[in-house]
Every structure is written in C-alpha cells, then in structure tokens.
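We name chains A, B, ... by the order of the sequence lines, and we start the count at 1 in each one.
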4 protein chains.
Amino acid sequence: MADQRKAGRADDAGGARKAVPRPHTGRRRNEAARSAVLDATAKLLRERGPEGLTIDAIAREARVGRQTIYRWWPSRAAVVNELASENARLAVPSEPDTGSLQGDLRAFLRASYETAARPDIAPILRTLASEALRHDDFAVALREFTAQRRAVLRALLERHRVPPVRAELLAELAFGLIWYRTITGHAKLGRTTADATADVLATAASRTRR
Amino acid sequence: MADQRKAGRADDAGGARKAVPRPHTGRRRNEAARSAVLDATAKLLRERGPEGLTIDAIAREARVGRQTIYRWWPSRAAVVNELASENARLAVPSEPDTGSLQGDLRAFLRASYETAARPDIAPILRTLASEALRHDDFAVALREFTAQRRAVLRALLERHRVPPVRAELLAELAFGLIWYRTITGHAKLGRTTADATADVLATAASRTRR
Amino acid sequence: MADQRKAGRADDAGGARKAVPRPHTGRRRNEAARSAVLDATAKLLRERGPEGLTIDAIAREARVGRQTIYRWWPSRAAVVNELASENARLAVPSEPDTGSLQGDLRAFLRASYETAARPDIAPILRTLASEALRHDDFAVALREFTAQRRAVLRALLERHRVPPVRAELLAELAFGLIWYRTITGHAKLGRTTADATADVLATAASRTRR
Amino acid sequence: MADQRKAGRADDAGGARKAVPRPHTGRRRNEAARSAVLDATAKLLRERGPEGLTIDAIAREARVGRQTIYRWWPSRAAVVNELASENARLAVPSEPDTGSLQGDLRAFLRASYETAARPDIAPILRTLASEALRHDDFAVALREFTAQRRAVLRALLERHRVPPVRAELLAELAFGLIWYRTITGHAKLGRTTADATADVLATAASRTRR
DNA sequence: AGATAACCGAGACGGTACGTCTCGTCTTTAG
DNA sequence: CTAAAGACGAGACGTACCGTCTCGGTTATCT
C-alpha cells in the first residue's frame, strides 16, 4: 500500500505523455463557507466598524472555523479586499459610452462616487484605508484594489485619446477625492461633486489630446 | 493636549508668607518623560511604521512606565496628534506670490507634497488618518486640520479670481492626491507630481475666472 | 481490536432463508495500510516519544489517509494497544516449566522485565500508561492488556498450587514493579531485579500453598 | 529622565558592597489568584479528570487571565505539582509503632493505600504520573517525591532489621501496587489489599532478617 | 460485462486548546 | 503625589490536531 501513489500515470511508459499527476484530490471548497465569511465581514463592518473586525469575530458571526478563514485568505485584509472588489465590479460600469468624454466621465464618476457613499460600502472603504495605514498586508490589498480601479478609469480616458501619463494623474485626482472625503468626512460624495469633477478632468484632458 | 495640568501652584509667587508652608506636594510632572515619549513615538513611526506603534513599545523605547503614558494622554492617537501639532506648524508655506496662478500653485504644491513625503512626517499623517477613521473625536481634529489647509489654498486661488465653489473643489482635488498616495503608497509625492497637478488645476481654473 | 467488523450478519445462520443476503461486497482491507500504520506508530514512539504521537503524524508518516486510521481503530489508544499486543506475545514466554516455582518465576520475570526495558518496548509502555491516565478509552485498552498479562502469571502460580486470590496479588506486585519503574525511571529493570522479586514471590507463595 | 535606573546602588563606588540591586518594585503577586488557580485545578481534576484539565479550563474556572497562570507556572504539570505538594504534607503517615513488623506494615500501608484512593487525591496522582511520562522536568519532581516515600517505608523495615537492599525492593513492590492500580484502575486500593500486601512483605522480610 | 459496494489517499470542514502578545487598569515602592 | 515597575483580567493572534465529511479513484464480488 502507500506505494501506488499519484495514480493515473500508468500509461507514462508507453509514451511521452505530459504526466498529468491528478486533477484534484479531497473535498472541494465549500462555497457557502466563502460567502458566509464575506457576509459576516460586511455585517461586522456595518455594525461595529473597523475596530470590531477580528478574525475571531468573523468566524463566530459566519459560524465557520477559524482555520477555514486562514486557509483561503492570508489576512483579514484579503477578506475585506475581496468584499470591496466584488462590490466595485458589480456597481460601477466599466465602459460607459455616451459619445463624449465629459459624458463618459460623468457617468463613471457618478456611479463611483454614489457607490462609495453607500452606507453598506463606505465602512468597507474606511476599514481598508484605516487598516492599510497600520498593517502592511492591508496596504498591499488596498494597493491592488486601487490600482485596479484606476486602470478602469485610465482605459476610459485613453479611449478618448488622453495620453497615458496624463490619464494616470487624472485618475488619481478623481479617486483621491473619494478617499479624501472618506477620511475626513467633511462633505458628502454625490452626483453634484461627480459632475463638477468630471468637468475639471474633461477640461484638463482636452488640452492634452493627442 | 496634556498641557492643562492639575494646576494648584499659581499662588506660589503671591504668598509672601514666612514659612512657605509647602509650595507643592509630590513630584512635578517630569518634562523629560513627556519629550521622551514623543521622541520614542517619532522614532518608532520612522523606523517601524504605524504597525509597530504600541503603548508597550513606546514605554519600552522611552524607558518610561506605561502608566505614565496613560496618565497624560488618553490614547495612542493623542500622542501622535501632539507630535503632529508640533511638527506641522513649521513645515508648510502659507502664501507664495510669484505673480501667476500657475507659479503660485506650483510653489504651494511643491512645498505641500514634499513636506507630506518627508520620512518624519509621512508616518504621522498615516497615523492621524488611521485614527480619524476609527474614532470620532480624532475625525473632528483631522477635519479641522484639513479645512485649515484647504482654506489657505482656496485663498490663493481666490486671489487669482477663481470663484469660491470651484476653488473649494480644486483644493480638495489637490489635497486628495496627497492623502490618496499616503494611504496607498503606490507612488511617491514630489516635485513632478506637484507641477503636473498645478497645471491641471490652473487649466481648470482659467476656464472659470470671474 | 479492529477485528470485530461491522457485523450485521449474525442472523444469517438462524435464518433458514434461501437468499443468504450477501456476506461481503467491495474492496477488502488493505493489509499493507494496517502494517504501515503500526510501523509508523512504533517509529514515532521510538523517535519522538509519546508526546509526538498524533493521528496526523501517524497518517503522514505511514502515507495513509487519516480516515483509514479512523476506519479501523477507534482511537490512538487502539493503535498503540494493537502494537503492544503484537510485541508482547512474541517477547514473553507464556509458561516456562523448570520444575520449581522459583525457577518458573525467575524465567517468567526475567523475560518480562527485560522486555519491558527494551528501547523499542519501553516507549510503548510509557505511552500506554500516559494516555490511560488521560483518556478513558486508553484506560480500557490498558486494562485489557494488563489483565491478560496478569492472567498468564496467575496461571503459572496456580499450576504450582498457589490459591487464586493470593496469585492475583502476587501478579499485581510483580507487574506493579514494572510500571512503577517505568513511570519514575529511578532504576533499570533487569535480571537482578527479576530474580530478587521472584524470590520474594516464591517465599510468599510457599506459605499459602494448598 | 528615565536614566537613573536600578536605583539603590549609588553607594557602590564607595565600597565593595554586594550591590543589592533593588528589593522589589511593582505590584505584588496576588495570593487570591494563586489559590483560585489551585482550587480550580483540584475541582477540575475531581469532576472531570486529567482529560478535562486544560489551561483554558483552569483560567475559566478560577476567573483568572490565562497569562497569570503562565506567569507563575511553566506548565500544567507544575500547577498539579504544587497542588500535590500542599496536600502531601497532610496525608502522609509517619512511623507507626505497633510492636510487630506485620502490624507496622499494615498500619503504614492502610494509610498509604487509603490516601491514594481518596477521590480528591487519586486524580492528582494520575495527573502527576501522566505528566512525568511526557516531560522530563516533571519526571524529576515525581522521582523525588517517590524516593522520599520509599525512604519512609525503608526506614520502617530497617527498624525491624530488614537489610537495606531487601527493604528497598519491598518498598518498591508496595508502592508499585499503588501506581499499578492508579494507572490501570482495575481494582480499588483499600484496607484488604493493604493487609494482604503487608503479609506478603512481612513474610518475605522475615526470611532475610539480620 | 456491468453494477454495486467497500476501501483508499487527500483534504476541507467546524471546533478546541495552545502559548504569546498587547490592552487598559490596579498596586506597590521609591523619590 | 508622581514615577517606574510590574501583576492583573481580558481577549485576539496564528498554529496544531481533533473527528467528521466529501471527493475522485481503485479493487473486489455478485448478477
């Protein structure tokens, strides 16, 4: 026993086959556990804020073993990141097409700002920011998330012939506003701000068209 | 903070009594302890970042009892805040005057961005933001600090006849970029970014001059 | 242990029914897996002691699925017990016959004590004892094992006309010494001790012959 | 500040003094916590046996922080050891003097066996043995304890002119029975067993009197 | 030959306990 | 009455195993 391992390669001898060792062994990942963890994380952030977000609390709330979280996510940060990425992808149109740069920017920024202001989303962003400022693993997660969001906006701008370097700066300014207001909370993010910002960006972009 | 002492010694000078009965009882606050705590905090932030900033670590580094910290500051945040107050005043120029809007913006943003990027300042900003996202009272403090900074830039823009509403938005975009990069750390703040941003703002402003 | 299979066919004999339902279907037990588990257990006990003996470690060492162990043994206890039973049967002469009580006792105890002191056996005994003190299922296993050993010595004594009650006590004293030294480790078990003990028992026995 | 540390040795320079560094600073050990831990340990052993004895359970039962246990005891074993040492003083019979060897042995063994069988003592012995089989440092403690017990019985035997070597063996047989039954739990230790064992030892001893 | 059934290895699952770390508070002694 | 030292209850951390529950795949026996 114990010797006829890695089955499925008995035919190796016959040919120069690829030696596919075995597609999978063991129980599969439980999708219910995954979504229970994400739901519990969202609930804790909504109700108790960043301070209440511990692995213990998530596991307790999701009725999941702690090890199950550690098995699939390298850190608390990764869980929040996955939560944020899913929501952003669903809520913001990646490629609006209104015919004009200004129109596309308004559509994109309206969706982005209004989503960021949603009471179920804002705490997630706040937590990402707060933890990223303290813990490296969160910083990495946030870096990935924000890079991904900027890439979408940059693509939009480049479709309208804005040079890459300028597009990157404009994207940083647009998203910078989201995070600035998220941190300070001195004013609400909404349609009016989105439109005004879109106009600023469109103006700055038009001067640099290729 | 930490400056409104237990009082009770104002009458020392006035008492012309012979047998100065007792000018004070008990040991006075040790100023060396206070600055040792602040120095240790700065050092830890510089060397290990916000993650390594625990009360235990500060006490150890400052060679001070933990209780001494709790006695004078209500939280870690308060220590960092005091540190920030001492440093911030020195660093940022109020009102450059080069003659042109673009020139003034470049001067102001260069100073602002380069200060924010300084290795002894950046970790302080990071900690301030992090704490503001967790605790309302620090959010208020940060709100006041950022409002004050925006007011300076707004005044600069209004000197060049930019309407107030637009000036406020442009100020948010300029400072938003600082915080965006501070949070994500995906790129360095510096002179190049300052100039490019100044150009974007100047362009957007010129369209709306009164 | 591990030998009383799932049963459920005891009624076959009684039922004079035509369709004897089915004695067995499916793959048979893999003997190689069984001995791999026992070998791995012995190796772990030898090399890492009782502390390192976990089901995970056995499975890893034996290159066997954990479920395979749980399928055939109800607990760690059962595995070690099976190992002990196999070794003990081989090592200890059941019924020496030298003609005299003292001679038989000396032969029996020499074999018993020297076996218990063997470096591949002692850790097993230590584990049996240690686990029996912590877990009830282990205690049951040890109780069966020690009862069986006492029965052999009791039979020897009764062959020499020692009354059963006294034989039982003498057996307990003889084996008690093994465990006492195994626990405390204050002295080695060997031939000298065996002979001295045999003399004590023989003396005590001769006073009570039937 | 913070530099005049380890006070109390300012006078070192003046002489070759012993350099007593400082007697003590800080909060003292809480005696209530210590006894709460020992009481909780005793209770858990009584009610749930060695298996239920975890650091978590002790801390919970004693309403004490886990760290408090780790601060004062290096292991579970050490807690049980301290508990045993406290109880041992009360339970140990000293030196009976009935005039005859058999009488003295009966008195000594009755007390010993009955004490070992007490429901509040037996679990302690079981745990002591179990830990000794796993951890060397604890094995040393148990070795000392058992050696001391044997010394008492040996002294009793030698008072009756039993040669030292034989006395040592008889003591091991007598105490071996205690541990044998403690481990296996196959029969109760009590007066009957004590008397029968006393008779066996007395018989074996009388053959070797000096 | 095909169906059925038990075995096998791998490994995910909900849990419990581990020993460590830090928190904010409390207590003691020195100055 | 403050400072330092340090014990205290609390609770989160990440790891190791527990015993159970799937998985895909491999023998064996029965029809």
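The CZ atom of Arg27(D) sits 9 Å away from the C1' atom of dT28(E) (whole-angstrom rounding). Regarding Asp137(A), its CG atom lies at a distance of 12 Å from the P atom of dC13(F), rounded to whole Å. dC18(E) atom P lies 15 Å from atom CG of Asp56(A), rounded to whole Å. Spacing between atom CG of Leu53(A) and atom P of dC13(F) amounts to 9 Å, rounded to whole angstrom units. Between Ile58(D) atom CD1 and dT16(E) atom C1' the separation is 15 Å, expressed in whole Å. Rounded to whole angstrom, the span from the CH2 atom of Trp73(D) across to the P atom of dG19(E) amounts to 15 Å. Taking atom CZ on Arg66(C) and atom C1' on dC18(F), their separation rounds to 8 Å, with Å as the unit. Regarding Ile69(A), its CD1 atom lies at a distance of 16 Å from the C1' atom of dT16(E), rounded to whole Å.
Residues Gly65(C) and Asn30(A) each lie close to DNA chain E; by heavy-atom proximity, the contact nearer the 5' end of the strand is made by Gly65(C). Taking the nucleotide of DNA chain F with the nearest heavy atom to each of Ala57(C) and Thr68(B), the more 5' of the two is matched to Thr68(B). Summary of the strand contacts: Arg28(A) and Tyr70(D) both lie near DNA chain E, and taking for each the nucleotide with the nearest heavy atom, the more 5' one is attributed to Arg28(A). Residue-to-nucleotide proximity on DNA chain F shows that, of Arg63(D) and Ile55(C), the 5′-proximal contact is made by Arg63(D).
Heavy atoms from other residues, nucleotides or ligands lying under 6.0 Å from CZ of Arg48(D) number 12 at most.
Contacts of Arg76(B) with the nucleic acid, taken as non-hydrogen atoms under 4.0 Å apart, involve only primed sugar atoms and P, OP1 or OP2.
A donor-acceptor pair is defined here as one N or O able to donate and one able to accept, closer than 3.5 Å; no such pair exists between the side chain of Thr68(D) and the backbone of Val64(D). Remark: side-chain polar atoms of Ser130(A) are not paired, donor with acceptor, to backbone N or O of Arg126(A) under 3.5 angstrom.
By the 6.0 Å and 45° rule, Arg29(A) stacks over the aromatic ring of Trp73(A).
From Ile69(A), atom CD1 reaches atom CD1 of Ile58(A) across 5.0 Å, with rounding to the nearest 0.5 Å.
Taking side-chain N and O atoms only, Trp72(A) has a distance below 4.0 Å to OP1 or OP2 of dC13(E).
Each of dA17(E), dT29(F), dA12(F) was ranked by its minimum atom distance to the side chain of Arg60(D); first place goes to dA17(E).
Taking 3.5 Å as the limit, the base of dC21(F) and the side chain of Gln67(C) contain a donor-acceptor pair of atoms between them.
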